[in-house]
Amino acid sequence: MDTIAVLTGDIVNSQKSIGDGNVRLLEAIKETFTEIETATGIQIPFEMWRGDSFQAIIEKPEMAMMIALQFRAGLKSKTKSKEEARVLWDVRIGIGIGHISHRGTSVASSNGEAFVFSGKAFDLIDKSRYNLNVLTPWNDVTMELAVSVALADVIVTGWTIKQAEAIYLHMLYEKKQVKLAERLNISQPALQKRINEYGNYYRLELFLKRYKSLIEAYAD
């Protein structure tokens, strides 16, 4: 059986995006997943339900945390109007790592260990103050990640729209600073402040590297 990752999530404060705002939010969710797929070359089958919830399969579990944070950055960056900016679009995500026992024709019809862990990880979010959680079949890995995930979530939750936009583009395309600064119409020093000084992405990178190495070492 293959080891995969499953992301179970829902939109934070989605009830505040009604009417046209809700339509734009749903479009932003689909657009963000598509952008990540295109940039990473990783297929991300996902399904929405209840209007504000989703589940996605990540074939490469070592990339699941990166994709989850890319998704949060992308969604935050797409919060455009002044009204929405009071509460940035964000998502709670439970990541489950494990085997898949049945691959159906849809995400909803598939099942296995990864789906169980993802659901449990998501349910535990309700009992915490964080918007991110991960469960794996390996207790020592899960215990180590529990601490670092909580700290990573603090960083991501604190991003502004401009910080999220710069970090999202940096994560997706890893463009040279000069090109990214030109795209955002800001100076390179201003870009560095958005990404690292205020966005703390250089600290987040350490966490992402550790996560990737752990999952690669333990996954089949």
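The analysis underlying the following values was restricted to heavy atoms, covering all of them including side chains, and did not include hydrogens, waters or symmetry mates. For the single chain, residues carry numbers from 1 onward in sequence order.
Taking CG from Leu208 and CG from Leu204, the interatomic distance works out to 5.0 Å, rounded to the nearest 0.5 Å. In this structure, CZ on Phe33 lies 5.5 Å from CZ on Phe46, to the nearest 0.5 angstrom. Here Leu191 contributes atom CG and Lys179 contributes atom NZ; the two are 14.0 Å apart, rounded to the nearest 0.5 Å. For the atom pair Ile155 CD1 and Gln163 CD, the distance stands at 11.0 Å (nearest 0.5 Å). Atom CG of Leu180 sits about 10.5 Å away from atom CD1 of Ile167, to the nearest 0.5 Å. Here the straight-line distance linking atom CZ of Phe122 with atom OG of Ser53 works out to 6.0 Å at 0.5 Å rounding.
Residue pairs satisfying the salt bridge (Lys or Arg N to Asp or Glu O under 4.0 Å) criterion with at least one member in residues 28-46, sequence neighbours excluded, are listed as follows: Glu31-Lys78, Glu35-Lys78. Within the structure, the salt bridge (Lys or Arg N to Asp or Glu O under 4.0 Å) test picks out the following pairs touching residues 131-157 (sequence neighbours left out): Arg72-Asp153, Glu144-Arg210. Each salt bridge (Lys or Arg N to Asp or Glu O under 4.0 Å) pair with one or both residues in residues 188-198, not counting sequence neighbours, would appear here, but there are none.
Among all heavy-atom pairs drawn from Ala68 and Ile95, the shortest one is CB-CD1, 3.9 Å. Shortest non-hydrogen contact noted between Ile195 and Ala166 is CG1-CB, 3.9 Å. Counting all heavy atoms, side chain and backbone alike, Ala73 lies closest to Trp159 at CB-CZ3, 3.6 Å. Contact between Thr32 and Leu75 at its shortest, heavy atoms only, is OG1-N, 4.1 Å. Minimum interatomic distance between Gly98 and Pro137 (heavy atoms only, all atoms of both residues): CA-CG, 4.1 Å. The two residues Leu124 and Leu135 make their nearest non-hydrogen contact at CD1-CD1, 4.2 Å.
Side-chain contact between Asn200 and Arg203 is present, with at least one heavy-atom pair separated by less than 4.5 Å.
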Evaluate the criterion side chain to side chain contact (heavy atoms under 4.5 Å, CB included) for residue pair Leu151 and Ser148; output intermediate values, then yes/no. CA-CA 5 Å; Leu151 295 175; Ser148 51; 5.7 Å; no

Chi angles and distances behind the side chain to side chain contact (heavy atoms under 4.5 Å, CB included) call for Ile29, Trp89: CA-CA 10 Å; Ile29 292 170; Trp89 288 343; over 6 Å; no

Step by step, would you call Lys120 with Asp123 a side chain to side chain contact (heavy atoms under 4.5 Å, CB included)? CA-CA 5 Å; Lys120 289 182 177 179; Asp123 289 342; 5.5 Å; no

Report the C-alpha distance between Asn131 and Val91 in whole Å, list the side-chain angles of each, state the deciding distance to 0.1 Å, and finish with yes or no for side chain to side chain contact (heavy atoms under 4.5 Å, CB included). CA-CA 7 Å; Asn131 291 327; Val91 61; over 6 Å; no

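Hydrophobic clustering (ILVMFWY, side-chain heavy atoms < 4.5 Å, transitive): Tyr130 and Val141 are in distinct clusters. Using a 4.5 Å cut-off between side-chain heavy atoms of Ile, Leu, Val, Met, Phe, Trp and Tyr, with links allowed through other members, Leu172 and Leu184 fall into the same hydrophobic cluster. In this structure, Met171 is a member of the same hydrophobic cluster as Tyr173, with clusters built from ILVMFWY side-chain heavy atoms closer than 4.5 Å. Taking hydrophobic clusters as Ile, Leu, Val, Met, Phe, Trp and Tyr residues chained together by side-chain heavy-atom distances below 4.5 Å, Phe115 does not share a cluster with Ile125. A single hydrophobic cluster is not seen to contain both Phe117 and Tyr211; linkage of ILVMFWY side chains at heavy-atom distances under 4.5 Å, directly or through other members, places them apart.
Residues passing the ring-ring contact (aromatic ring centres under 6.0 Å, His included) test with Phe207: none are found, sequence neighbours excluded. Under the salt bridge (charged side-chain N to carboxylate O under 4.0 Å, His left out) criterion, Lys212 pairs with Glu216, not counting sequence neighbours.
Within the 3.5 Å criterion, the main-chain N or O of His99 finds no donor-acceptor partner in the side chain of Thr3. Side-chain atoms of Thr142 never come within 3.5 Å of backbone atoms of Asn139 as a donor-acceptor pair (strictly under, hydrogens ignored). Under the 3.5 Å distance criterion, the side-chain polar atoms of Thr79 are matched with a main-chain donor or acceptor of Lys76. Side-chain atoms of Thr136 never come within 3.5 Å of backbone atoms of Ile97 as a donor-acceptor pair (strictly under, hydrogens ignored).
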Under 3.5 Å, which donor-acceptor pairs do the side chains of residues 54-67 form with other protein atoms, sequence neighbours left out?
from, atom 1, to, atom 2, distance (Å)
Gln55, NE2, Thr8, OG1, 2.8
Glu59, OE2, Arg103, NH1, 3.0
Glu59, OE2, Arg103, NH2, 3.1

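Using modelled atom types, one finds a donor on one side chain and an acceptor on the other under 3.5 Å when comparing Asn111 with Ser101.
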